[in-house]
Amino acid sequence: MHIKAILILQDGTIFYGKNDGIKGTIFGEIVFNTSMTGYQEILTDPSYSNQFIVFTYPHIGNIGINNFSSESKKIHVKGIIAKNLSKIASHYTSQKTILKYLKENKIISITDIDTRKLTKIIRTSGTQYGCITTDINISSKKILKKISEYSNLPKKNIILKKSTKKKYIWTTKKSSSPFNYLNRFHIPYKKKNLFHVVVYDFGIKRNILEILSKKNCIITIVPAETKIKKILELKPSGILLSNGPGDPRLCAFTVQQIKKLLFCNIPIFGICLGHQILALAENAKIITMKFGHHGSNHPVKSLSNNRIFITSQNHNYTIDPLSLNKNIKITHISLFDNTIQGISLKNSLAFSFQGHPEAFPGPHDIQILFDKFIKIMSKKEKKCLKDLI
């Protein structure tokens, strides 16, 4: 049964819509995502913590929710804004509808609004804070005051809430999928060499770990503020800096640890927020984007060979190109706005990428970066063996 709902933006714009599930009033940052598929992966991506997602594709939820596509154990999106959320699911892998899934996770949604108009507002004015409420009698002035208060709250390092609290070894669980999820995308097992990858967990997505595991890596997950001493005790073949939510400039302690690790000649691969943290460790600056990149159709150019990759993106921050020192080499740029998409460091075995190379359900163009990471670790270990001989 539909009930009325209201979306109020920071600039005072009001949208009147419907709600099909949880009642209440919530505040959050509003971003839009242009993906046509992968809504379950989007909902469960920890990088979307504290954000409302505007789905620009008009019909969401038609293939339902299954037990194997989630990127984490729960929904991290704070609220859902869509033109329409499907009441039924039509797919042989579906276990429940998206509406049931949202109710189970107590996520408030608003539908039947002009998402095209809302997206244009964000593109013109930039990312805004807002409020979704089912209390249609509430004063808009009161809501606007609370939105202002919410937007001006001191920023906190929310990564600490999303990161693991203690170290653990990753093990791939048997999927409940009727088919092997990763084999669909032709990711072969690597029979040779076992590499021990230590992953800094800033809000890690499951499929990053699945790909590394499929490539025959032993994976140890560590908290976001793990000291360098603890990392070196694990004797890693390589270190992965994961994706995650929030402002990387608030991760001062972690940045200092990575800065020290850069002198240890250990291969380092940064993804999304991990890419930004690597840049900060090399004394580059991070700036806030107008409305960020959120979607699975973003073209990225490799500067080494001029190849174009279609990539999945989810970030509100980017590296300031004017802040780069001579040690930072730009490897990839966005063809949408020329922002920096990839870097490598000349004096260490570190590189990073702004988008999501694991990208499930896709695209998978840039998954070759995982092979690059494996190759760097392999070369490093061969050199070590040669030096010992």
Side-chain angles (χ1 to χ4, degrees), residues 47 159 197-200 202 204-205 208 212 238-244 246-252 254-289 292-293 298-359 365-377 379-380:
S47 300
I159 292 168
V197 177
V198 173
V199 177
Y200 267 96
F202 306 135
I204 188 73
K205 293 170 72 175
I208 293 175
L212 287 173
I239 296 168
L240 186 134
L241 312 177
S242 84
N243 65 291
D247 188 340
R249 294 168 293 191
L250 301 176
C251 305
T254 302
V255 169
Q256 288 305 312
Q257 303 312 301
I258 305 306
K259 190 185 290 282
K260 295 174 184 177
L261 282 169
L262 289 175
F263 292 99
C264 297
N265 202 33
I266 301 172
I268 297 176
F269 179 20
I271 293 176
C272 199
L273 184 129
H275 159 80
Q276 297 159 7
I277 285 178
L278 179 64
L280 287 169
E282 193 56 34
N283 299 316
K285 293 182 180 179
I286 299 298
I287 55 178
T288 305
M289 302 175 75
H293 291 168
H298 289 246
V300 168
K301 180 180 179 180
S302 169
L303 298 183
S304 65
N305 55 18
N306 289 326
R307 285 185 62 188
I308 309 300
F309 301 88
I310 303 302
T311 69
S312 178
Q313 305 272 325
N314 177 19
H315 59 100
N316 280 345
Y317 302 90
T318 187
I319 300 172
D320 181 357
L322 300 178
S323 70
L324 304 186
N325 60 40
K326 293 181 180 179
N327 188 45
I328 299 177
K329 178 183 178 181
I330 300 174
T331 59
H332 298 80
I333 60 168
S334 167
L335 292 184
F336 277 163
D337 55 17
N338 288 318
T339 52
I340 297 172
Q341 283 288 316
I343 62 171
S344 64
L345 304 187
K346 297 176 183 178
N347 66 353
S348 65
L349 302 175
F351 73 101
S352 60
F353 186 70
Q354 179 62 82
H356 287 255
E358 81 291 341
D365 297 21
I366 206 71
Q367 277 187 4
I368 58 173
L369 292 181
F370 287 98
D371 294 322
K372 178 180 178 179
F373 188 39
I374 297 292
K375 187 176 181 179
I376 293 173
M377 289 189 290
K379 282 186 176 180
K380 169 71 187 324

OG1/Thr311 to CG/Leu369 distance, rounded to the nearest 0.5 angstrom?
-> 10.0 Å
Closest non-hydrogen atom pair between Thr318 and Ile340, with its separation | OG1-O, 3.9 Å
Answer yes or no: is there a donor N or O on one side and an acceptor on the other, between the side chain of Ser352 and the main chain of Ile271, under 3.5 Å?
-> no
Does the Lys380 side chain pair with the main chain of Gly238, one donor and one acceptor, at a distance under 3.5 Å?
-> no
His315 side chain to Tyr317 backbone, donor-acceptor under 3.5 Å | yes
Provide the closest heavy-atom pair for Tyr200 versus Ile258 in the form atom of the first, atom of the second, distance.
-> CE1-CD1, 3.7 Å
Got a donor-acceptor contact below 3.5 angstrom from the Ser312 side chain to the His356 backbone?
-> no
Is it true that a side-chain atom of Asn347 and a backbone atom of Asn327 form a donor plus acceptor pair closer than 3.5 Å?
-> no
Which atom names give the shortest non-hydrogen contact between Cys264 and Lys260, and what distance separates them?
-> SG-O, 3.7 Å
Can you tell me how far the CG atom of Asn243 sits from the CG atom of Leu273, to the nearest 0.5 Å?
-> 8.0 Å
Drop me the distance from Gln257's CD to Leu241's CG, to the nearest 0.5 angstrom.
-> 12.0 Å
Here the gap from His275 atom NE2 to Ile319 atom CD1, rounded to the nearest 0.5 Å, amounts to 3.0 Å
Determine, step by step, whether Leu345 and Ile328 satisfy the side-chain contact (heavy atoms from CB on, under 4.5 Å) criterion, reporting the C-alpha distance in whole Å, the side-chain angles of both residues, the deciding distance to 0.1 Å, and the verdict.
-> CA-CA 5 Å; Leu345 304 187; Ile328 299 177; 3.8 Å; yes
Smallest separation among heavy atoms of Leu335 and Lys301, with atom names | CD2-CB, 3.8 Å
Which distance, rounded to the nearest 0.5 Å, do you find between the CD1 of Ile287 and the CG of Asn316?
-> 12.5 Å
Side chains of Leu280 and Pro248 in contact at under 4.5 Å (non-hydrogen atoms) | yes
I would like to know whether Leu349 and Lys379 meet side-chain contact (heavy atoms from CB on, under 4.5 Å); could you show each step before the answer?
-> CA-CA 10 Å; Leu349 302 175; Lys379 282 186 176 180; over 6 Å; no
Check: Met289 and Asp337 side chains under 4.5 Å, non-hydrogen atoms = yes
Heavy atoms from other residues, nucleotides or ligands near NZ of Lys346 exceed 12 (cutoff 6.0 Å) = yes
Nearest 0.5 Å please: distance from the CD atom of Gln367 over to the CD1 atom of Ile208.
-> 10.5 Å
Run the side-chain contact (heavy atoms from CB on, under 4.5 Å) check on Gln354 and Cys272 step by step: do they pass?
-> CA-CA 4 Å; Gln354 179 62 82; Cys272 199; 3.7 Å; yes
Minimum heavy-atom separation for Val197 to Leu212, with atom names?
-> CG1-CD1, 4.2 Å
Test Gln313 against Val300 for side-chain contact (heavy atoms from CB on, under 4.5 Å), laying out the working first.
-> CA-CA 10 Å; Gln313 305 272 325; Val300 168; 3.9 Å; yes
Would you confirm whether Lys259, through its side chain, and Ala281, through its main-chain N or O, come within 3.5 Å as a donor-acceptor pair?
-> yes
Parallel, tilted or perpendicular: ring planes of Phe353 versus His332, cut at 30 and 60 degrees = perpendicular
Which heavy atom of Gly274 sits nearest a heavy atom of Phe202, and at what distance?
-> CA-CE1, 4.3 Å
Below 4.5 Å, heavy atoms only, C-beta onward: do Leu240 and Ile204 meet side chain to side chain?
-> yes
Should the ring pair Phe269 and Phe351 be called parallel, tilted or perpendicular, given that the plane angle runs from 0 to 90° and is split at 30 and 60?
-> parallel
Does any N or O in the side chain of Ser334 come within less than 3.5 Å of the main-chain N or O of Thr339, such that one atom is a donor and the other an acceptor?
-> no
